[in-house]
Amino acid sequence: MTPKEKLRPISGFPEWLPEYRMVELEWIDKLRAVFESFGFASIETRSVEPVEVLLKQGDTDKEIYSIGRLLADPDDKAEPTYALHYDMTVPMARYVAANMNDLTFPFKRYQIQKAWRGERPQEGRFREFLQCDVDVVDTREIPLHFDAEIPVIMHEAVNAIGAGPLVTKINNRKVLEGYYAGLGITDTANAIRIIDKLDKIGAKGVGTMLGDELGLDGDAIAKVLGLAEIRGNDASVVQRVKALGVKSDLLDQGLDELHFVMRELERYPEGTFVADLSIARGLAYYTGTVYEAKFADFPDFPTVCGGGRYDNLVGDLINKRLPGIGISIGLTRIFAKLMREGRIQAGRKAPTDILVVHTQGAPYSVIRETAGALRARGLKVEQYHEDRKLKAQLKYAADKGIPWIWFPPAEAGGEHQVKNSATRDQTPADPATWLPE
RNA sequence: GCGGGUGUAGCUCAGGUGGUUAGAGCGCCAGAUUGUGAUUCUGGAAGUCGGGGGUUCAAGUCCCCUCACUCGCCCCA
């Protein structure tokens, strides 16, 4: 590997400059505040899981990164295979199952962590990214009210970081599965996968695929498309689904649930939460309400938040059924897109409030004690550790956007001065009492 | 996994049809009557032209392979 290659960016592993990272940190603080305002507690799970834990749920062809020790013996069968987690849901399920006795249910937690996926990167798709998950897990049946609360939490969180407006589409897996069952479609998983392409390839393309791949006749295709085209802001969509005349118990149950959720969300501005019967979500473990949110301004950009209800995530891990519901916010995806669109106002390059310059000839102890006195009063203070020409020190402060410059006296007991970077006013000041502004 | 595009200084890029010691702007460092930020001026450091092979008297330039980045497809929590 040449030195040049060592320096190259790695596709899908984004890094931000300090001025942007500061904004990202502010976002994280705001998201935390919203999650905690709803009573969710934070946990952090390890970055790796046994490969079998990650593969057991969902599909088996996941693009996951496995990890190993460079010094491991490749023939050692006892060496376990770990992999970086590709979401927070599966690790959370494992964590809950492992700590059943010590958790109080319903267990409500949020997690803001990196996730890793090996998929080919492209705009909005990374291999290492930050994700914020909010979930509720219970040992008993989870009330439907959570189905309405979860998207509200997400909505408030996204608003808090100024990333909206989003359009959140809502559907219910029971409606899809019940409807397809009522039509006699057995391969619901594939039907859902094809329907998911409606936005991309249109009704005609979807109809062709349904015919070619699932062997549906024109009548069934029309029925499937008829359902997928239903969307609306309120509970009335339920009537329109019923009007299609497909019958099944599961469908009725799903429609009742969807009706309840949409009724609860009717108080939000039109277009914020929309029932959309074409939304399916790829993940296999969803069993009820599903959510998918996109930027209102960038409809072609991939989903930025997604989630839903699942009957059971831990069934393979312990002999117990733990239903849950949650949603995930794609922090890196949102951040990178808004950055690309120039919507992120980069702040200062450092948190420093005051730069204490190295006054020519001043004893180092005077400079250090000056900085210490200011720092002890809660200010963010850095010293210029080199007796370099003032011009260079001031340029450093200007380049970093440091708002105040402090001039310690050349000898102990002398006069201190402070300068406002913006106005360039310079006045005597006492490090024991001085305050900004 | 498949297809298109692109790889030259820290960054953004020039370098018709091959031809002496590979350039610019920005950035960086130093200086312009010995310590207060700008602009300007002067000087300086910095590139095995992504890597390997081939054609040729001669390759940054042409051919092949390979790697990386990037856009799209596939897939997608």
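This is a predicted model, so every value here is computed, not measured. Every heavy atom of this structure was used, including side-chain atoms; hydrogens, water molecules and symmetry mates were not. Letters A, B, ... are given to chains in the order of the sequence lines, protein chains preceding strands, and every chain is numbered from 1.
Nucleic acid contact for A/H85: none, since no nucleic acid atom lies under 4.0 Å from a heavy atom of the residue. Contact annotation for A/P302: no contact, since no heavy-atom pair falls under 4.0 Å across all strands. A/D300 comes within 4.0 angstrom of nothing in the nucleic acid, heavy atoms only. Here A/S11 lies in heavy-atom contact (under 4.0 Å) with sugar-phosphate atoms only.
For A/W406 and A/H416, the side-chain atoms include at least one donor-acceptor pair closer than 3.5 Å.
Taking the P atoms as reference points, B/rC73 lies 41 Å from B/rG47, given to the whole Å. Comparing the P positions of B/rG31 and B/rU20 gives a spacing of 38 Å, expressed to the nearest Å. Only the P atoms considered, B/rG15 is 10 Å distant from B/rG7, to the nearest whole Å. When the C1' atom is used for both B/rC49 and B/rA9, the distance is 10 Å, rounded to whole Å. Rounded to the nearest Å, the gap between the C1' atom of B/rC74 and that of B/rC63 is 32 Å. With both ends at atom P, the span from B/rU42 to B/rU66 equals 49 Å, rounded to whole Å. Here the separation of B/rA24 from B/rC41, taken at their P atoms, is 15 Å to the nearest Å. As rounded to the nearest Å, B/rU56 and B/rG10 have C1' atoms that lie 35 Å from one another.
Donor-acceptor pairing under 3.5 Å, judged by distance alone, is present between the side chain of A/Q426 and the base of B/rU36. Interface remark: the A/D387 side chain does form a donor-acceptor pair with the B/rG35 base, using a distance-only criterion of under 3.5 Å.
Nearest-nucleotide positions on RNA chain B place A/R120 closer to the 5' end than the other of A/R120 and A/E123. In this structure, A/D399 and A/M88 both approach RNA chain B, and ranking their closest nucleotides by distance from the 5' end singles out A/D399.
Taking only side-chain nitrogens and oxygens, A/K389 comes nearer than 4.0 Å to OP1 or OP2 of B/rG31. Side-chain nitrogen and oxygen atoms of A/R125 include none within less than 4.0 Å of the OP1 or OP2 phosphate oxygen of B/rC71.
Under a cutoff of 6.0 Å and an axis angle of 45°, A/K337 and A/F298 form a cation-pi pair.
For A/Q122, the side-chain atoms get nearest to B/rC71 when compared with the rest of B/rG35, B/rG37, B/rC71. The side chain of A/R388 lies closest to B/rC29, out of B/rU36, B/rC75, B/rC29. Here the nucleotide nearest the side chain of A/A398, chosen from B/rC71, B/rG37, B/rG35, is B/rG37.
Taking 4.0 Å as the cut-off between side-chain N and carboxylate O, A/R21 and A/E15 do not count as a salt-bridged pair. Of the charged side-chain nitrogens involved, none lies within less than 4.0 Å of a carboxylate oxygen, so that A/R309 and A/D135 do not count as a salt-bridged pair. Salt-bridge annotation for A/R348 and A/E19: absent, with no side-chain N of the basic residue lying under 4.0 Å from a carboxylate O of the acidic one.
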